[in-house]
A.B. asks: 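One structure follows; several queries about it will come next.
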Amino acid sequence: MQKKELEIWEIIIETLSAAALIIFIGLQIYYSYLYESSMITILFRLLPVMLLYAGMIVLQIFPELLNGRNSEPLQGMVRIYAVRMVRNIKLLLMLGVLFPSVADVLGISANAAYSLLILGGILGTIAYYFYRIYTYNTKKKGK
């Protein structure tokens, strides 16, 4: 498979994800400074999000890990769909943790339904790309 250059919207999604992570880290440090939290508290707030972000980057680089550790390499459009799925989920996750962090710093209470909306967006993205992969594979088998 030839290496394909990123499209403009993919670059925008990656940039927004990285910016959301950087803003989240900055807000958590500010929030910890404002309320005089210890360094270990800052670490407990930042470590899960940073590990999640790093894990999503690994899945973008090696989408074969979605199938299992010793699975065959993904080919063609299946690989592209898997990478796009992980990229979009990463954006939703970063925006999902950024909004409550901004609300905390501003002193606004975030509605609990917000988490359900983010979860619904993630599940909808997964369902959409699974459908795209399924239709691609059935069309490929029909040829």
Side-chain angles (χ1 to χ4, degrees), residues 1 3-141:
M1 185 171 109
K3 183 177 178 182
K4 181 183 169 223
E5 296 296 323
L6 289 175
E7 294 179 9
I8 295 295
W9 66 272
E10 292 172 331
I11 294 171
I12 291 171
I13 289 174
E14 285 295 328
T15 304
L16 288 175
S17 298
L21 179 67
I22 292 169
I23 292 170
F24 173 77
I25 291 170
L27 287 175
Q28 287 301 315
I29 292 172
Y30 173 74
Y31 191 70
S32 297
Y33 172 76
L34 190 65
Y35 291 102
E36 300 175 0
S37 299
S38 67
M39 191 58 97
I40 199 80
T41 305
I42 296 171
L43 183 67
F44 284 150
R45 288 183 185 154
L46 293 179
L47 191 61
V49 174
M50 292 173 67
L51 288 174
L52 185 63
Y53 192 83
M56 297 298 268
I57 288 174
V58 169
L59 282 178
Q60 276 183 256
I61 296 170
F62 303 109
E64 292 80 17
L65 294 175
L66 293 170
N67 284 341
R69 190 160 189 213
N70 294 325
S71 66
E72 63 186 41
L74 298 177
Q75 299 292 326
M77 289 304 292
V78 175
R79 182 179 182 85
I80 292 171
Y81 288 149
V83 170
R84 286 180 183 171
M85 178 181 69
V86 172
R87 182 178 289 128
N88 291 337
I89 290 171
K90 183 173 66 170
L91 176 66
L92 286 173
L93 284 171
M94 289 303 107
L95 293 177
V97 297
L98 180 63
F99 179 74
S101 182
V102 170
D104 282 345
V105 169
L106 295 176
I108 300 170
S109 175
N111 193 346
Y114 173 74
S115 297
L116 291 175
L117 289 174
I118 293 296
L119 181 63
I122 291 170
L123 291 176
T125 302
I126 292 170
Y128 172 74
Y129 281 107
F130 277 1
Y131 174 74
R132 296 282 304 257
I133 290 170
Y134 175 75
T135 55
Y136 173 77
N137 284 337
T138 55
K139 202 182 290 186
K140 190 175 176 183
K141 283 182 183 179

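Residue numbers count from 1 along this sequence. Just so it is clear, the values below take in all heavy atoms, side chains as well, and ignore hydrogens, waters and symmetry mates.
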A.B. asks: Compare every heavy atom of L43 with every heavy atom of P48, then report the nearest pair and how far apart it is.
C.D. replies: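 In this case the closest contact between P48 and L43 is CD-O, 4.2 Å.
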A.B. asks: Answer with yes or no whether the side chains of Y128 and N88 bring together a donor and an acceptor at under 3.5 Å.
C.D. replies: no
A.B. asks: Quick one: pull up CG in L21 and CG in L93 and give me the separation to the nearest 0.5 Å.
C.D. replies: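 Separation between the atoms: 11.5 Å.
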A.B. asks: If you measure from CD1 on I40 to CZ on R45, what distance do you get to the nearest 0.5 Å?
C.D. replies: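 One gets 12.5 Å once the value is rounded to the nearest 0.5 Å.
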A.B. asks: Given the rule in the ring-ring contact (aromatic ring centres under 6.0 Å, His included) test, do F130 and Y134 qualify, once you have shown the distances and angles that lead to the verdict?
C.D. replies: CA-CA 6 Å; F130 277 1; Y134 175 75; over 10 Å; no
A.B. asks: Can you check whether L98 reaches L27 side chain to side chain, under 4.5 Å on heavy atoms?
C.D. replies: yes
A.B. asks: Side-chain contact test, heavy atoms from C-beta onward, threshold under 4.5 Å: evaluate it for E14 versus Q60 and give yes or no.
C.D. replies: yes
A.B. asks: Looking at residues at least two apart in the chain, or sitting in another chain, which of them share a side-chain hydrogen bond (donor to acceptor under 3.5 Å, both in side chains) with Y81?
C.D. replies: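 R132.
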A.B. asks: State, with a plain yes or no, whether a side-chain heavy atom of M39 is found less than 4.5 Å away from one of I42.
C.D. replies: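 Yes, close enough: below the 4.5 Å cut-off.
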A.B. asks: With side chains defined as the heavy atoms from C-beta onward, is the minimum distance between M94 and V49 less than 4.5 Å?
C.D. replies: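 Yes, side chains in contact.
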A.B. asks: For the pair S101 (side chain) and V97 (backbone), establish whether a donor and an acceptor sit closer than 3.5 Å, ignoring hydrogens and angles.
C.D. replies: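 No, because the side chain of S101 does not come within donor-acceptor range (under 3.5 Å) of the backbone of V97.
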A.B. asks: Does one side chain, of S38 or T41, offer a donor that lies under 3.5 Å from an acceptor on the other?
C.D. replies: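 Their side chains do contain a donor-acceptor pair, which is all the 3.5 Å distance test asks for.
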A.B. asks: For a 4.5 angstrom cut-off between non-hydrogen side-chain atoms, does M50 reach I25?
C.D. replies: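 Heavy-atom side-chain distance check passes, below 4.5 Å.
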A.B. asks: When rounded to the nearest 0.5 angstrom, what is the spacing between CD1 in I8 and CD1 in I13?
C.D. replies: 12.0 Å
A.B. asks: The criterion is side-chain contact (heavy atoms from CB on, under 4.5 Å); which residues satisfy it with A103, sequence neighbours excluded?
C.D. replies: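 Partners of A103 by the side-chain contact (heavy atoms from CB on, under 4.5 Å) criterion, ordered by chain and then number, come out as I108, A110.
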A.B. asks: Is the number of heavy atoms from other residues, nucleotides or ligands under 6.0 Å of Y114 OH greater than 12?
C.D. replies: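 Counting other residues, nucleotides and ligands, OH of Y114 exceeds 12 neighbours.
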A.B. asks: Checking S17 now: which residues fulfil side-chain hydrogen bond (donor to acceptor under 3.5 Å, both in side chains) with it, not counting sequence neighbours?
C.D. replies: none
A.B. asks: Let me confirm one number: the CG-OH distance from D104 to Y30, rounded to the nearest 0.5 Å.
C.D. replies: 12.5 Å
A.B. asks: Are side-chain heavy atoms of R84 and E7 found at a separation under 4.5 Å?
C.D. replies: yes
A.B. asks: Measure the shortest side-chain to side-chain distance between P63 and M85 over non-hydrogen atoms and say whether it is less than 4.5 angstrom.
C.D. replies: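 SC-SC contact between P63 and M85 ruled out.
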A.B. asks: Using every non-hydrogen atom in the two residues, find where I118 and L92 come nearest and quote the distance to one decimal.
C.D. replies: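 I118 and L92 have their closest heavy atoms at CG2-O, 4.0 Å.
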A.B. asks: Walk me through it: do F24 and L46 pass the test side chain to side chain contact (heavy atoms under 4.5 Å, CB included)?
C.D. replies: CA-CA 9 Å; F24 173 77; L46 293 179; 3.9 Å; yes
A.B. asks: Check the pair M77 / K140 against side chain to side chain contact (heavy atoms under 4.5 Å, CB included), numbers first and verdict last.
C.D. replies: CA-CA 11 Å; M77 289 304 292; K140 190 175 176 183; over 6 Å; no
